[in-house]
Amino acid sequence: MQTRTLGKNGPQVSAIGLGCMGISDFYGPSDNKSSLKLLKDAVEMGVTFFDTADMYGVGANESLVGFALRKVRSQVFLATKFGNMRRLDGAHLGVNGRPEYVLAACEQSLKRLGVETIDLYYQHRVDPTVPIEETVGAMAELVKAGKVRFLGLSEAGASTIRRAHKVHPITALQTELSLWTRDAQGDILATTRELGIGFVAYSPLGRGFLTGAISQPSDFAPGDFRAVNPRMSGENFEHNLKLVRSVEVMAREKGVTTAQLALAWVLAQGTDIVPIPGTRRLKYLQENLAAAEILLTDDELSHLSELVPQGSVAGTRYDETGMKRLGI
Ligand SMILES: NC(=O)c1ccc[n+]([C@@H]2O[C@H](COP(=O)([O-])OP(=O)(O)OC[C@H]3O[C@@H](n4cnc5c(N)ncnc54)[C@H](OP(=O)(O)O)[C@@H]3O)[C@@H](O)[C@H]2O)c1
């Protein structure tokens, strides 16, 4: 497995990480036994970068990931996040970036993960009611105390990233980036590149839609969050599927899968970018990791951009409430 550096002089991680959210939450059912096996298989296949968050499965995902990786702790780079508060039944209770909350949330994550140190600790969403300097100040205390090694932000706006970076170096920004979500390629990537911050691309497969594996709304299991996602419901579903079908044709011609083409596109956007596709299945994991070996020519990259031109996707990436939490 190839590696990439997270930020200037930052840690080395596998060029493709594993997003662990879907094995506990949001995308339909899964079982612990196969999830544990998948996590162990990922390590054997060379994945060193694992992404979780305290909100995934309301803590269950951190517990599962920590348990699966406990024997290989020193070989892996564990990233988790705080800030999205949830009730035990899953209801979202808002965003919290208050210093005392940051410290308490970290203690809980350390306990669930069963580790002494978190490698990369992100603020999951910026709390608009708390100055970023205060939140990052508390995160910096965690570094000083040896509870966290590197700091990250998720879905923060350019000026927030700059302010945060003045308080303590930010190692990575985790934000959505894929063929159909290229908003970060303006101000945000220019800022992370100027400051030497790594970019972790989440939902690089468009939450599964860009793989071509979802062909009708009934493909979603009951409770799957995507069934009500603006891009994957109503009239937008058919519109967006046509875009994916055109990528499928190109993938077939190139002899790769649609998922691999989508991932290769993300990887080609810069060596500072590390995608973290999520999956519950070994077959997809193997397929996704193999995408690191696919090189796209300039002509192929332009052709892909023409197939899914910026702004061609119908629907926002989150509902109205979710959209309000982005880019602060
Ligand atoms: N910071 C944030 O706010 C934020 C938000 C969302 C996600 N994330 C992180 O980013 C990670 C990845 O994002 P994501 O899981 O939302 O979306 P994603 O990686 O774009 O897509 C995951 C979906 O694609 C399917 N899939 C994966 N590989 C496939 C393949 N080769 N062929 C066909 N289908 C395939 C998976 O199916 P199966 O599950 O059935 O295998 C799953 O439903 C998450 O796990 C999480 O760690 C962060």
Side-chain angles (χ1 to χ4, degrees), residues 1-21 42 46-51 53 77-79 81 119-120 122 124 150-158 160-162 164-165 169-207 210-211 247 256 258-279 285 287-298 300-302 304-305 308 310 313 317 326-327:
M1 169 55 72
Q2 300 169 28
T3 58
R4 287 193 171 187
T5 306
L6 268 190
K8 206 169 67 187
N9 310 319
Q12 292 271 314
V13 293
S14 48
I16 297 181
L18 180 64
C20 300
M21 180 182 83
V47 176
T48 60
F49 187 23
F50 291 83
D51 187 79
F77 189 83
L78 265 183
K81 323 181 193 76
D119 295 310
L120 174 59
Y122 297 98
H124 208 155
F150 299 99
L151 300 186
L153 301 174
S154 175
E155 293 285 4
T160 303
I161 298 169
R162 284 185 190 283
H165 196 65
I170 299 298
T171 296
L173 175 77
Q174 181 175 137
T175 285
E176 186 167 350
L177 178 68
S178 66
L179 262 177
W180 76 356
T181 303
R182 299 190 221 154
D183 326 23
Q185 287 188 310
D187 252 20
I188 303 287
L189 257 174
T191 305
T192 55
R193 283 177 176 160
E194 181 196 322
L195 300 176
I197 297 171
F199 190 100
V200 175
Y202 82 71
S203 300
L205 299 171
R207 302 179 185 274
L210 293 172
T211 68
V247 179
V256 300
T258 314
Q260 287 175 327
L261 193 53
L263 276 178
W265 180 88
V266 174
L267 286 162
Q269 302 311 301
T271 51
D272 55 334
I273 298 175
V274 181
I276 48 165
T279 181
L285 178 66
E287 190 179 314
N288 297 345
L289 297 184
E293 306 302 326
I294 299 170
L295 285 181
L296 299 176
T297 63
D298 288 346
E300 287 171 325
L301 287 167
S302 316
L304 265 171
S305 294
V308 191
Q310 195 142 16
V313 62
R317 52 196 180 100
L326 306 179

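Just the heavy atoms: all of them, side chains too, but no hydrogens, waters or symmetry mates, feed the values below.
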Value for CG (Leu296) from CD (Gln269), rounded to nearest 0.5 Å, stands at 9.0 Å
Are Lys8 and Asp272 close enough for a salt bridge, meaning some N to O gap below 4.0 Å?
-> no
Measure the spacing between NZ of Lys81 and CG of Leu120 and express it to the nearest 0.5 Å.
-> 9.0 Å
Where Leu153 and Ala164 come nearest, the two heavy atoms and their spacing | CD1-CB, 3.8 Å
Which pair of heavy atoms, one from Ala290 and one from Gln260, lies closest together, and at what distance?
-> CB-NE2, 3.7 Å
Which heavy-atom pair separates Gln310 from Asp183 by the least distance, and what is that distance?
-> NE2-N, 4.2 Å
Shortest non-hydrogen separation from His124 to Ala53 and the atoms involved | CE1-CB, 3.7 Å
Heavy atoms only: give me the nearest Leu267-Ala291 pair and the separation to one decimal.
-> CD1-O, 3.9 Å
May I have the list of side-chain donor-acceptor pairs in residues 195-206 shorter than 3.5 Å, sequence neighbours left out?
unit_1: Tyr202; atom_1: OH; unit_2: Glu155; atom_2: OE2; d: 2.6
unit_1: Tyr202; atom_1: OH; unit_2: Arg317; atom_2: NH1; d: 3.4
unit_1: Tyr202; atom_1: OH; unit_2: Tyr318; atom_2: OH; d: 2.8

Output for pair (Ile276 CD1, Phe50 CZ), nearest 0.5 Å, gives 12.0 Å
Atom CG of Leu261 and atom CG of Leu210: how far apart are they, to the nearest 0.5 Å?
-> 10.0 Å
Atom CD1 of Ile170 and atom OH of Tyr122: how far apart are they, to the nearest 0.5 Å?
-> 11.0 Å
What pair of heavy atoms forms the shortest contact from Ala156 to Ile188, and how long is it?
-> O-CD1, 3.5 Å
